[in-house]
Amino acid sequence: PSTAWIRARASEADLVLEKLGRAVMFASDGQPVEPGGGLYKRPVFVLRESFKPVLPVDLDMLAAATEQLQEAKDREAAVSLAEITIADPAAQADVHTDLLGRLDALAAVGLPTLVTDMGELFRVAGFLRRYATPRVVFVAGTQSFAALFDEKPFENLPGGVFEALGRLFTRGVTLALYPDRDPRTGEILRASTVAVPPEYRHLLRHLLDNGLIHELRELAARQ
């Protein structure tokens, strides 16, 4: 990459790190790109992770979601997107270099990346929907999914978990769960049996029954 290209990428990352912008996007080769150009009217499959490092299972999760959930008409248009949230950059040492390293790793595997300062997934969904994206599918492991029912991250919302989930599952937004395995028993953990507070069991059942949550099959190569 040219020096100008490297500087442009660093400048884009700084927009989020310095709170001058809420989100910036990088193409599959790591080059800065306007989100509208990369996402307009395209279904998006989004994986939020730290990507420190990029793991094979990260790629498996996105591959499983696109293979199992994309519609026939979406096959050429669907975008697999990594998302990194920088919710509290001040709490990290040398966050600028750290972020650029992660962007390099994601470009090496050909994943376009969205960098945001948005802690809540519903804010990311709102950002993506601004580009007339017909479908937004968030991809997560079963254990990460359980965190959506934790009250603490949403204590500043009047409606707590209910409000956060209501704002997440707007029209066209769904969640795809890739099966994790219980570290103690090796058994597959599924959404229907994941541990959530008792008061949210009916809410979980509602999301499953209405197709807002999809349970993915584990890729054969990793079974």
> Among all residues two or more places apart in sequence or in another chain, which pass the side-chain hydrogen bond (donor to acceptor under 3.5 Å, both in side chains) test with D150?
Replying inline: none
> What's the verdict on side chain to side chain contact (heavy atoms under 4.5 Å, CB included) for F26 and R9, showing C-alpha distance, side-chain angles and the deciding distance?
Replying inline: CA-CA 8 Å; F26 301 86; R9 188 186 66 155; 3.4 Å; yes
> How long is the span from the CD1 atom in I213 to the OG1 atom in T174, to the nearest 0.5 Å?
Replying inline: 9.5 Å
>> To the closest 0.5 Å, what do you measure between OG1 (T113) and CG (L106)?
In response: 4.0 Å
>> What's the separation between atom CG in L216 and atom CZ in R190, rounded to the nearest 0.5 Å?
In response: 10.0 Å
> Can you tell if the side chain of V109 reaches within under 4.5 Å of the side chain of D58, non-hydrogen atoms only?
Replying inline: no
>> Less than 4.5 Å apart, side chain to side chain, heavy atoms only: is that true for L189 and V194?
In response: no
>> Working note: E163 + F154, criterion side chain to side chain contact (heavy atoms under 4.5 Å, CB included); need CA distance, chi angles, decisive distance, verdict.
In response: CA-CA 9 Å; E163 180 176 346; F154 310 118; over 6 Å; no
>> Taking atom CD as the centre, does E34 end up with more than 12 heavy-atom neighbours from other residues, nucleotides or ligands that are less than 6.0 angstrom away?
In response: no
> Any ring-ring contact (aromatic ring centres under 6.0 Å, His included) pairs touching residues 99-137, not counting sequence neighbours?
Replying inline: F127-Y131
>> Assigning hydrophobic clusters by single linkage (Ile, Leu, Val, Met, Phe, Trp, Tyr; side-chain heavy-atom cutoff under 4.5 Å), is L114 placed with M61?
In response: no
> So do V161 and L165 actually touch side chain to side chain, heavy atoms under 4.5 Å?
Replying inline: yes
> Could R181 and E218 be called an ion pair, given the rule that one side-chain N must be under 4.0 Å from one carboxylate O?
Replying inline: yes
> Can you tell me how far CG of L100 sits from CG of D98, rounded to the nearest 0.5 angstrom?
Replying inline: 9.0 Å
>> Tell me every residue that passes side-chain hydrogen bond (donor to acceptor under 3.5 Å, both in side chains) with E199, counting only those two or more places apart in sequence or in another chain.
In response: none
> Is there side-chain contact between L175 and L168, with heavy atoms separated by less than 4.5 Å?
Replying inline: no
> So do the side chains of F169 and N210 get within less than 4.5 Å of each other, counting heavy atoms only?
Replying inline: no
>> I need the H214 NE2 to L208 CG distance, nearest 0.5 Å.
In response: 10.0 Å
>> Nearest 0.5 angstrom please: I188 CD1 to E215 CD, how far?
In response: 10.5 Å
